[in-house]
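Numbers here are sequence positions counted from 1.
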Amino acid sequence: MWLEDIEQGAVDQIMNLCNLPFAFRHVAVMPDSHQGYGMPIGGVLATQGAVIPNAVGVDIGCGMCAALTNLMASDLPESLFSLRNAIERDVPVGFNEHKKGIPSVSGPYADVLRKNLKKTLDQFEDLALVDKLGRADLNKIGRQVGTLGGGNHFIELCLDTQDRVWIMLHSGSRNIGNQIGTVAVEMAKEQALKRDFKLVDKDLAWLDEGTAEFDSYIKAMHWAQDYARFNRDTMMNLVIATMLRKFPQLKIVGEVVNCHHNFTSLEEHFGEKMWVTRKGAVSAVDGQMGIIPGSMGAKSFIVKGKGNHDAY
């Protein structure tokens with residue numbers, strides 16, 4: 001645990017995780033951890049032979065994208081009102097979506113984005129979980145690429161400690177990720193009813209590795225993670241295209257950081273293979289770039305992993 005003061009509800013959830021029969025070694029608790037659904041947000045859980053869909057959550061692949069520009073604070077006008085309106089016009093917010101699917105974009109990823117949309121939609125139709133999703137709308141999935149959503153998702157212009165301008169955004173897999181997560185949680189709860197193990201929290205219902213339900217969820221979850229990253233890449237290009245109209249000298253300098261903080265992946269730690277679920281936490285292997293987001297104007301942090309073994 002990397003914090004001293006933590007609410008009792010989160011402590012109870014941590015103990016529930018530790019008592020699961022497939023939990024590996026220990027649970028890692030990040031400095032900003034707080035109570036969530038079943039598992040604390042800011043928690044890292046390693047498991048063998050099972051995955052908890054609700055630990056991943058229903059905003060599968062939610063995460064951050066940040067790009068450093070060549071602009072300085074002095075390049076910005078006193079009021080950003082018109083720029084904010086232009087970004088909100090080009091990147092749909094809340095339940096809104098692009099009316100004609102992914103728009104024409106420019107920027108460093110433009111060609112990749114255009115090629116990836118058809119591939120993304122084709123891969124979705126191959127998912128075994130599609131039959132369980134009911135009203136999954138392929139056209140809607142296409143129209144929601146490059147959209148922000150609601151809740152604590154945001155698009156910001158930020159200044160770093162050197163007064164350089166960054167573009168930063170926070171979003172995930174939109175409605176389809178929610179649908180996949182919701183269906184998987186229900187599948188896990190159905191499996192829980194067939195086991196002798198008594199769950200103290202039904203939100204910790206899991207899927208057993210080797211079952212058809214597990215396989216269909218993992219494949220759909222990986223698709224949703226890729227879709228979330230694709231969504232952020234598209235939004236970043238839309239914001240860059242919008243800003244270029246007002247700042248023609250704009251360039252992106254350095255690496256564009258794009259990372260999930262709601263996901264699970266098959267990894268090796270302490271010499272063993274396991275599923276590592278990070279809920280509100282980023283992967284931080286040695287040298288890996290990541291983002292710890294603020295929320296609605298709070299400061300965010302661009303970080304580089306130190307590869308701490310105990311934190312997975």
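- Taking the six-membered ring where tryptophan is involved, the planes of F270 and F24 are tilted, since the angle between them lies from 30° to 60°.
- Side-chain N or O atoms of T47 include none that pairs as donor or acceptor with a backbone N or O of F22 at under 3.5 Å.
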Between V91 and T147, does a side chain to side chain contact (heavy atoms under 4.5 Å, CB included) hold up when you go through it step by step? CA-CA 6 Å; V91 181; T147 66; 5.6 Å; no

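- To the nearest 0.5 Å, the span separating CE on M274 from OH on Y312 amounts to 6.5 Å.
- Without hydrogens or angle criteria, Q48 side chain to K273 main chain gives a donor-acceptor distance under 3.5 Å.
- Under the 4.5 Å side-chain heavy-atom criterion for ILVMFWY residues, a single connected hydrophobic cluster contains both L159 and M236.
- Taking all atoms of both residues into account, the shortest heavy-atom contact from A224 to I180 is CB-CD1, 4.2 Å.
- Atom CG in N16 sits 9.0 Å away from atom CG in L199 (nearest 0.5 Å).
- Residues A86 and K246 share a closest heavy-atom pair of CB-CE, 4.1 Å.
- With contacts defined as side-chain heavy-atom distances shorter than 4.5 Å, the pair V303/I292 qualifies.
- Under the 3.5 Å distance criterion, the side-chain polar atoms of S33 are left unmatched by any main-chain donor or acceptor of V29.
- Across L17 and P40, no two heavy atoms sit closer than the pair CD1-CD, 3.8 Å.
- Between F197 and W206, the ring centre distance stays below 6.0 Å.
- The minimum heavy-atom distance between I155 and L169, with the atom names listed, is CG1-CB, 4.0 Å.
- Below 30°, between 30° and 60°, or above 60°: for Y227 and W223 the angle between ring planes is below 30°, a parallel geometry.
- L148 is listed as a side-chain neighbour of M235, based on a closest heavy-atom distance under 4.5 Å.
- At least one side-chain heavy atom of I141 sits under 4.5 Å from a side-chain heavy atom of F124.
- More than 12 heavy atoms of other shown residues, nucleotides or ligands fall within 6.0 angstrom of atom CZ in R245.
- Remark: the backbone N or O of P293 is not paired with any side-chain donor or acceptor of H170 at under 3.5 angstrom.
- When all heavy atoms of G172 and N231 are compared, the closest pair comes out as O-ND2, 3.0 Å.
- Between the side chain of S173 and the main chain of G61, no donor-acceptor pair closer than 3.5 Å is present.
- Here OG of S283 is found 3.5 Å from CD of Q288. Values are rounded to the nearest 0.5 Å.
- When atom types are taken as modelled, the side chain of D75 and the backbone of M72 share a donor-acceptor pair closer than 3.5 angstrom.
- Side-chain contact between V282 and H260 is absent, with no heavy atoms from C-beta onward closer than 4.5 Å.
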Between E213 and K132, does the salt bridge (Lys or Arg N to Asp or Glu O under 4.0 Å) criterion hold? Intermediate values first, please. CA-CA 11 Å; E213 291 86 352; K132 296 180 179 292; 6.0 Å; no

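- Looking at R229 and Q225, their side chains never bring a donor and an acceptor atom within 3.5 Å of each other.
- Inspection of the R174 and H153 side chains reveals no N or O donor paired with an N or O acceptor under 3.5 Å.
- Side-chain atoms of H98 come within 3.5 Å of backbone atoms of G146 as a donor-acceptor pair (strictly under, hydrogens ignored).
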Given the rule in the side chain to side chain contact (heavy atoms under 4.5 Å, CB included) test, do L207 and V51 qualify, once you have shown the distances and angles that lead to the verdict? CA-CA 6 Å; L207 296 172; V51 163; 5.6 Å; no

Show, in sequence, the C-alpha distance, side-chain angles and deciding distance for I252 and N70, and conclude whether the side chain to side chain contact (heavy atoms under 4.5 Å, CB included) test is met. CA-CA 6 Å; I252 301 301; N70 62 338; over 6 Å; no

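- Looking only at side-chain heavy atoms (C-beta outward), T211 and Q191 come within less than 4.5 Å of each other.
- Taking the ring centroids of H222 and Y217, they lie at or beyond the 6.0 Å cut-off.
- Atom CD of Q144 and atom CD1 of I176 lie 9.0 Å apart (nearest 0.5 Å).
- No donor-acceptor contact under 3.5 angstrom links the side chains of N178 and D59, judged on distance only.
- Hydrophobic clustering of Ile, Leu, Val, Met, Phe, Trp and Tyr side chains at less than 4.5 Å, counting indirect connections, unites I291 with M289.
- Side-chain contact between N139 and R143: present, with at least one pair of heavy atoms (C-beta onward) separated by less than 4.5 Å.
- For N54 (side chain) and G57 (main-chain N/O), no donor-acceptor pair under 3.5 Å exists by modelled atom type.
- Around the CZ atom of F81, the shell of radius 6.0 Å holds no more than 12 heavy atoms that belong to other residues, nucleotides or ligands.
- Between the side chain of R278 and the backbone N or O of T264, no donor-acceptor pair lies under 3.5 Å.
- Here the shortest heavy-atom pairing between M39 and L204 reads N-CD2, 4.4 Å.
- Rounding to the nearest 0.5 Å places CD1 of I52 at 10.0 Å from CG of D203.
- Around the CZ atom of F247, the shell of radius 6.0 Å holds more than 12 heavy atoms that belong to other residues, nucleotides or ligands.
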Ring pair (Phe, Tyr, Trp, His ring centres under 6.0 Å) between F214 and W275, worked out: CA-CA 12 Å; F214 178 95; W275 292 97; 5.7 Å; yes

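- Judged by distance alone, the side chain of N262 and the main-chain N or O of C62 form no donor-acceptor pair under 3.5 Å.
- In this structure, CD in E156 is found 12.0 Å from CD1 in I167, a value given to the nearest 0.5 Å.
- Looking at heavy atoms from C-beta onward, H26 lies in side-chain contact with D310 at the 4.5 angstrom threshold.
- Residues V44 and T277 are not in side-chain contact: their nearest non-hydrogen atoms beyond the backbone lie 4.5 Å or more apart.
- Under a hydrophobic clustering in which Ile, Leu, Val, Met, Phe, Trp and Tyr are joined whenever their side-chain heavy atoms come within less than 4.5 Å, directly or via other members, L45 and L266 fall into different clusters.
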If you apply the rule side chain to side chain contact (heavy atoms under 4.5 Å, CB included), what do you find for L68 with R164, and how did you get there? CA-CA 8 Å; L68 174 62; R164 298 177 299 181; 3.6 Å; yes

